[in-house]
Amino acid sequence: MAAMSKQWAQWQPNSWRSKPIKQQPQYEDMGQLDKVLGRIKSYPPLVFAGEVDNLKRQLAGAAAGKRFLLQGGDCAERFQDCNPESITSKLKILLQMSVVLCYGARRPVVRVGRIAGQYAKPRSSDMEDIQGQKMPVFRGDNINSFEPDAEGRRANPERLLHGYHTASMTLNYIRALITGGFADLHHPENWNLGFVGKSEHRSKYERVVANIRDAVTFMETFGGVREESLGSVDFFTSHEGLLLGFEEAMTRFFPEKSRYYNLGAHMLWIGDRTREISGAHVEYFRGIENPIGIKWGPSADPQEMTELIKALNPSNEPGRITIISRFGHEKVESHLPIAVEAVRKGNCNVLWSSDPMHGNVIKAGNNIKTRDFDSILSELRSSFRVHAELGSRLGGVHFELTGENVTECIGGSEAIKESDLVRQYETFCDPRLNYSQSLEMAFVISEILAQNA
Ligand code: PEP
Ligand code: CO
């Protein structure tokens with residue numbers, strides 16, 4: 001233990017550079033990379049430290065059962081989606097889901113997008129074979145191009161500048177939509193509820209929608225609530241803190257608090273592949289003030305995970321750590337109870353969230369990566385049940401989704417089949433729930449929350 005505290009002594013935004021690191025691109029020209037990072041360091045932050053603190057308070061509320069976390073967005077956000085239609089549709093589905101969840105949970109929902117910076121991906125191999133040609137894998141728009149040609153797949157530092165600008169434009173538009181009254185989408189008459197008609201749960205969903213409509217109308221009639229609260233909502237951004245050079249450049253000292261913040265997003269998470277306690281990612285994350293998500297998959301050792309949580313949150317501050325479990329529907333029942341008990345034994349103050357996406361990737365017959373709506377739902381139901389049985393609380397959910405009518409995940413009320421996947425398969429990485437599947441998921445979770453409330 002003594003050796004350990006010594007190891008943790010000196011933190012600097014760049015102290016991760018002396019630790020072993022995983023999942024980084026190989027740049028050919030390190031001088032060019034340094035130049036780009038120097039420029040990004042000189043740019044204004046994307047978010048403000050006070051907003052980060054506010055999110056941390058809200059997450060502490062979720063851990064205490066007073067709020068519920070909804071985190072969602074693309075697996076890999078694309079530069080080309082920095083356009084009004086795409087941003088609007090992502091915000092719309094997240095806001096609508098949050099209304100449905102709020103209705104069931106009877107608690108405010110904390111909305112966190114995987115948006116405005118989710119441009120770097122961990123990959124299982126460095127190279128891939130495309131039509132007989134070996135080339136570097138796509139690592140996210142911040143690093144290389146999705147197009148399968150050798151030049152495009154080269155890691156290009158200039159893309160980081162593009163990433164900064166694209167995140168900044170995206171967030172600027174989100175802020176404009178929200179302050180401009182876009183949250184009027186609280187009104188269910190603006191929703192595309194076509195799928196409800198196809199669902200076996202049609203009458204249940206229609207009742208929820210009617211109740212939400214009544215509640216909104218009542219509040220507006222009752223006393224101008226619309227202007228003050230219904231029309232403006234909090235919305236936060238998040239991404240995986242993977243590319244540490246970029247994250248270091250977005251790390252700023254906040255003199256009022258004598259603390260460092262990553263001001264490129266409100267929340268960052270550590271992926272399941274980069275969470276080694278002695279590695280560079282953990283070293284970077286322990287020094288920033290932001291709320292941190294930690295992915296917890298089946299390969300994680302519960303004892304090491306509690307050590308990791310303590311290393312990242314030595315003062316056990318509420319709201320600092322969100323555990324995002326992602327075991328898969330077949331493993332959740334055996335792994336989650338052990339995880340919950342380990343964290344409890346360590347007396348760690350955490351918010352538990354469930355990512356029912358990353359443990360449930362399957363290959364469809366046509367070799368396309370997909371996820372089954374029913375497996376996703378099954379992991380979620382199990383997670384709620386395990387927490388409840390152990391006297392713990394699932395306080396949030398984490399989805400890969402989009403507001404578009406893509407065909408990437410199978411199932412749901414529209415009964416998307418394997419043969420439908422080719423129709424509109426757009427993701428650059430993992431398959432996402434589409435608009436209807438996402439909204440339907442929100443209805444089901446809302447019902448579970450209402451039963452547990
Ligand atoms: C992700 O969230 O896109 C991801 C890669 O998740 P994980 O680290 O849980 O595999
Ligand atoms: Co993913």
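Hydrogens, waters and symmetry mates are skipped; everything else that's a heavy atom, side chains included, is used. Starting from 1, each residue takes its place in the sequence as its number. Each ligand, and each atom within it, is numbered from 1 in the order the structure gives.
- The closest approach of D430 to the Co ion (ligand 2), by N/O/S atoms, is made by OD2.
- Nearest non-hydrogen protein atom to atom 8 (O) of ligand 1 is D272 N, 2.8 Å.
- The ligand atoms of ligand 1 that sit less than 4.0 angstrom from a heavy atom of R114 are 1 (C), 2 (O), 3 (O).
- Heavy atoms of P122 found under 4.0 angstrom from ligand 1 belong exclusively to the side chain.
- Under a 4.0 Å N-O distance rule, the pair R123/E128 does not qualify as a salt bridge.
- Separating the CG atom in L70 from the NE2 atom in H398 is a distance of 10.0 Å, to the nearest 0.5 Å.
- Among all protein heavy atoms, the one lying closest to atom 6 (O) of ligand 1 is K295 NZ, 2.9 Å.
- With hydrogens and angles disregarded, no donor-acceptor distance shorter than 3.5 Å links the side chain of E283 to the backbone of K19.
- Salt bridge annotation for E379-R326: absent, with no cationic side-chain nitrogen under 4.0 angstrom from a carboxylate oxygen.
- With hydrogens left out, the protein atom closest to atom 1 (C) of ligand 1 is H358 NE2, 3.0 Å, a heavy atom.
- By the 4.0 Å heavy-atom criterion, M357 is excluded from the residues contacting ligand 1.
- Looking only at heavy atoms of the protein, atom 10 (O) of ligand 1 is closest to R326 NH2, 2.9 Å.
- Under 3.5 Å, the side chains of Q71 and S353 contain no donor-acceptor pair of N or O atoms.
- No other N/O/S atom of E400 lies as close to the Co ion (ligand 2) as OE2 does.
- When heavy-atom distances to ligand 1 are checked against a 4.0 Å cut-off, K121 comes that close only through its side chain, counted from C-beta outward.
- Considering just the N/O/S atoms of H358, the one nearest the Co ion (ligand 2) carries the name NE2.
- Remark: side-chain polar atoms of Q24 are paired, donor with acceptor, to backbone N or O of L242 under 3.5 angstrom.
- The distance from the CG atom of N144 to the CZ atom of F138 is 6.5 Å, given to the nearest 0.5 Å.
- For a distance bound of 2.8 Å, the N, O or S atoms of C429 include none lying that close to the Co ion (ligand 2).
- By the neighbour-count criterion of 12 heavy atoms within 6.0 Å, atom NZ of K369 is densely surrounded, having more than that number from other residues, nucleotides or ligands.
- For a threshold of 3.5 Å applied to N or O pairs, the pair formed by E400 and ligand 1 contains at least one separation below that value.
- From Q23, atom CD reaches atom OG of S124 across 8.0 Å, with rounding to the nearest 0.5 Å.
- Atoms of ligand 1 lying under 4.0 Å from any heavy atom of G271, numbered from 1 in the order shown and given with element: 8 (O).
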